[in-house]
Amino acid sequence: MYGVNAITVFFLSGLIPRLLNMVKVAGPTGQPTGLRDWLYQTFFVPYFSPVNASLAGAIACVLIWLVVLWLMYRRNIIIKV
């Protein structure tokens, strides 16, 4: 599944974090922070040590892309350049 739409994952995995950082939300101290950082601080940092939180975030990202690519593969959506 990753090999069929590899360019899609490569392009969107760089674009989506930048777009998420453009969306500002109130952080724990009340300061505006990017949505990507807020998601990381909310869902990973409280439950893991700093090194493991980073690993858990990376694994979550890979699993999210796996679900997206599985849906694309199942519906026979193939993006070619």
List, one per line, each side-chain donor-acceptor pair under 3.5 Å for residues 50-68, sequence neighbours excluded.
{"unit_1": "N52", "atom_1": "ND2", "unit_2": "S49", "atom_2": "OG", "d": "3.3"}

Only pairs under 3.5 Å count here: list side-chain donor-acceptor contacts from residues 21-48, not counting sequence neighbours, and write none if there are none.
{"unit_1": "K24", "atom_1": "NZ", "unit_2": "N21", "atom_2": "O", "d": "3.2"}
{"unit_1": "T42", "atom_1": "OG1", "unit_2": "W38", "atom_2": "O", "d": "2.7"}

Give the table of side-chain donor-acceptor pairs shorter than 3.5 Å for residues 3-14, with sequence neighbours excluded, one pair per line with atom names and distance.
{"unit_1": "N5", "atom_1": "OD1", "unit_2": "I79", "atom_2": "N", "d": "2.9"}
{"unit_1": "N5", "atom_1": "ND2", "unit_2": "I77", "atom_2": "O", "d": "3.1"}
{"unit_1": "S13", "atom_1": "OG", "unit_2": "V9", "atom_2": "O", "d": "2.8"}
{"unit_1": "S13", "atom_1": "OG", "unit_2": "F10", "atom_2": "O", "d": "3.2"}

Give me each pair satisfying side chain to side chain donor-acceptor pair (under 3.5 Å) with a member in residues 72-81, each pair once, sequence neighbours excluded. none
